[in-house]
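Take a look at the structure below.
Letters A, B, ... mirror the listed sequences (proteins, then strands); counts begin at 1.
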Amino acid sequence: MEIDLGKSILGRNEELARENRRLFDSAGVFVLDVLASPGAGKTSTILATIAALRDRYRIAVVEGDIASKVDAEKVRAHGIPAVQINTGGACHLESDMVRRAVDTLDLGELDLVILENVGNLVCPTEFDLGQHARVMILSVPEGHDKPYKYPNIFQIAEVVILNKVDTMPMFDFDEADFRDVMRRLNPAAPIFPMAATKGEGVEKWATWLAARIEGVRAR
Amino acid sequence: MHEAGITRTIIDTAVEAVEEEGGTRINQIDVTVGELTDFVDDALQFAFEAMKADTIASDAVLVISRLPARSRCVMPECTTEFEHGRFDIECPKCGNPFNELVQGRELRIDRIDFD
Ligand SMILES: Nc1nc2c(ncn2[C@@H]2O[C@H](COP(=O)(O)OP(=O)(O)OP(=O)(O)O)[C@@H](O)[C@H]2O)c(=O)[nH]1
Ligand SMILES: [Mg+2]
Ligand SMILES: [Zn+2]
Ligand SMILES: [Zn+2]
């Protein structure tokens with residue numbers, strides 16, 4: 001006998017992601033998913049973004065890590081609410097984890113929720129979380145050829161940050177080549193060079209993000 | 001990378017669907033994987049072999065079909081649909097690099113053969 005199923009294997013996560021997105025939309029909260037390798041500067045970029053936008057927007061952070069709560073504590077030290085999700089070994093966030101985390105926040109009192117995904121360039125691409133935008137952070141020490149090795153994550157991101165540009169003199173990072181491969185992979189994605197820990201280049205990125213936040217609030 | 005989790009979902013979904021139909025034994029599960037996903041056939045097969053034991057799919061085979069990536073040119077005067085790889089995703093007709101993906105990211109159970 002035969003069953004014609006035609007069912008998406010990621011269906012459950014996709015359903016929950018749609019539910020999350022409806023929830024965020026109705027609360028008028030913009031949700032940003034931050035993707036990068038371990039150590040590329042996700043937490044540093046989040047802190048720099050908070051510094052740039054905290055006077056205009058009410059912000060909270062959801063930290064995804066396999067274990068520990070050090071990143072959430074770094075965010076809380078700046079007086080910003082942070083929820084830590086320990087994925088317990090899972091190498092990416094899924095929609096149900098995000099839902100449980102945001103349920104502990106008062107969405108009505110927020111404008112921006114930033115999700116720090118688990119440092120991983122493979123899995124997160126397959127799991128929609130209900131976010132409004134995904135930012136991919138590549139740091140200079142990782143090399144300009146990362147998009148050749150992990151094209152998917154550079155393709156699904158809506159915007160790319162090139163972080164740690166202050167270390168350019170120490171590495172043979174070929175920015176022209178990086179921009180060239182990005183044009184081929186994802187020509188619509190703007191690229192913002194930044195040194196998150198030095199506050200360099202944060203302004204332009206924050207302006208882009210603020211425009212997107214306004215788009216969701218206007219709905 | 002997370003082929004194990006995905007394979008678990010494939011087996012659980014198939015077992016549930018077949019048991020609902022009163023089936024007791026799964027012979028074959030057909031799945032479709034888009035070329036733009038990061039799922040590797042060998043890793044899926046490996047996980048499937050490891051996980052199917054002690055289920056009604058213990059003798060089943062997993063058949064994987066891959067779907068090429070396809071996009072549609074967003075220029076209103078063009079709208080050409082074309083297949084492509086991961087790189088150089090520009091319209092072969094007008095050269096426009098901004099295209100809309102229509103196929104290539106799927107991960108789907110199509111058919112289950114059972115007794
Ligand atoms: N020189 C320099 N160092 C940076 C910059 N941004 C981050 N770092 C350093 O890079 C290290 C990792 O930064 P994090 O922000 O913790 O990176 P992460 O991606 O959140 O790391 P995980 O959460 O562990 O995956 C820290 O030592 C930062 O101080 C930068 O712009 N320039
Ligand atoms: Mg971090
Ligand atoms: Zn994973
Ligand atoms: Zn065209």
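Crowding of Asp42(B) atom CG: a count of heavy atoms from other residues, nucleotides or ligands under 6.0 Å not exceeding 12. Within 6.0 Å of the CD atom in Glu16(B), the count of heavy atoms belonging to other residues, nucleotides or ligands does not exceed 12. Heavy-atom contacts from other residues, nucleotides or ligands closer than 6.0 Å to CD of Glu203(A) number 12 or fewer. By the neighbour-count criterion of 12 heavy atoms within 6.0 Å, atom CZ of Arg12(A) is sparsely surrounded, having that number or fewer from other residues, nucleotides or ligands.
Using a 4.5 Å cut-off between heavy atoms, Ile153(A) makes no contact with chain B at all. For Val18(B), the parts lying under 4.5 angstrom from a heavy atom of chain A are both the backbone and the side chain. Interface remark: Glu90(B) contributes no atoms to any contact with chain A (heavy atom separation under 4.5 Å).
Rounding to the nearest 0.5 Å gives a distance of 13.5 Å between NZ of Lys7(A) and CG of Asp110(B). To the nearest 0.5 Å, the span separating CZ on Arg86(B) from CD on Gln155(A) amounts to 6.5 Å. Going from atom OG1 of Thr37(B) over to atom CG of Asn152(A) covers 7.5 Å, rounded to the nearest 0.5 Å. The CG atom of Asp113(B) lies 9.5 Å from the CD1 atom of Ile3(A); values are rounded to the nearest 0.5 Å. Summarising the geometry, atom CG belonging to Leu5(A) is positioned 11.5 Å from atom CD1 belonging to Ile10(B); distances are rounded to the nearest 0.5 Å. For the atom pair Thr9(B) OG1 and Asn13(A) CG, the distance stands at 10.0 Å (nearest 0.5 Å).
Residue pairs meeting the ring pair (Phe, Tyr, Trp, His ring centres under 6.0 Å) criterion with at least one partner in residues 5-41 of chain B, sequence neighbours excluded, are His2(B)-Phe39(B). The ring pair (Phe, Tyr, Trp, His ring centres under 6.0 Å) contacts involving residues 141-165 of chain A comprise His144(A)-Phe173(A), Tyr148(A)-Phe87(B), where partners must be two or more places apart or lie in separate chains.
The side chain to side chain contact (heavy atoms under 4.5 Å, CB included) check on Glu81(B) picks up Arg70(B), Arg72(B), Val102(B), with sequence neighbours excluded.
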Item checked: Stepwise side-chain contact (heavy atoms from CB on, under 4.5 Å) check, Glu2(A) with Arg111(B) -> CA-CA 7 Å; Glu2(A) 231 180 64; Arg111(B) 226 163 294 99; 3.1 Å; yes
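Annotation: maximal heavy-atom pairing with chain A below 4.5 Å, among Thr13(B), Ile109(B), Asp30(B), Asn99(B), occurs at Ile109(B).
Residues Arg105(B) and Glu126(A) are paired through a salt bridge, judged by an N-O separation under 4.0 Å between the basic side chain and the carboxylate.
Using a 4.5 Å heavy-atom cut-off against chain A, no residue of residues 52-59 of chain B qualifies as contacting.
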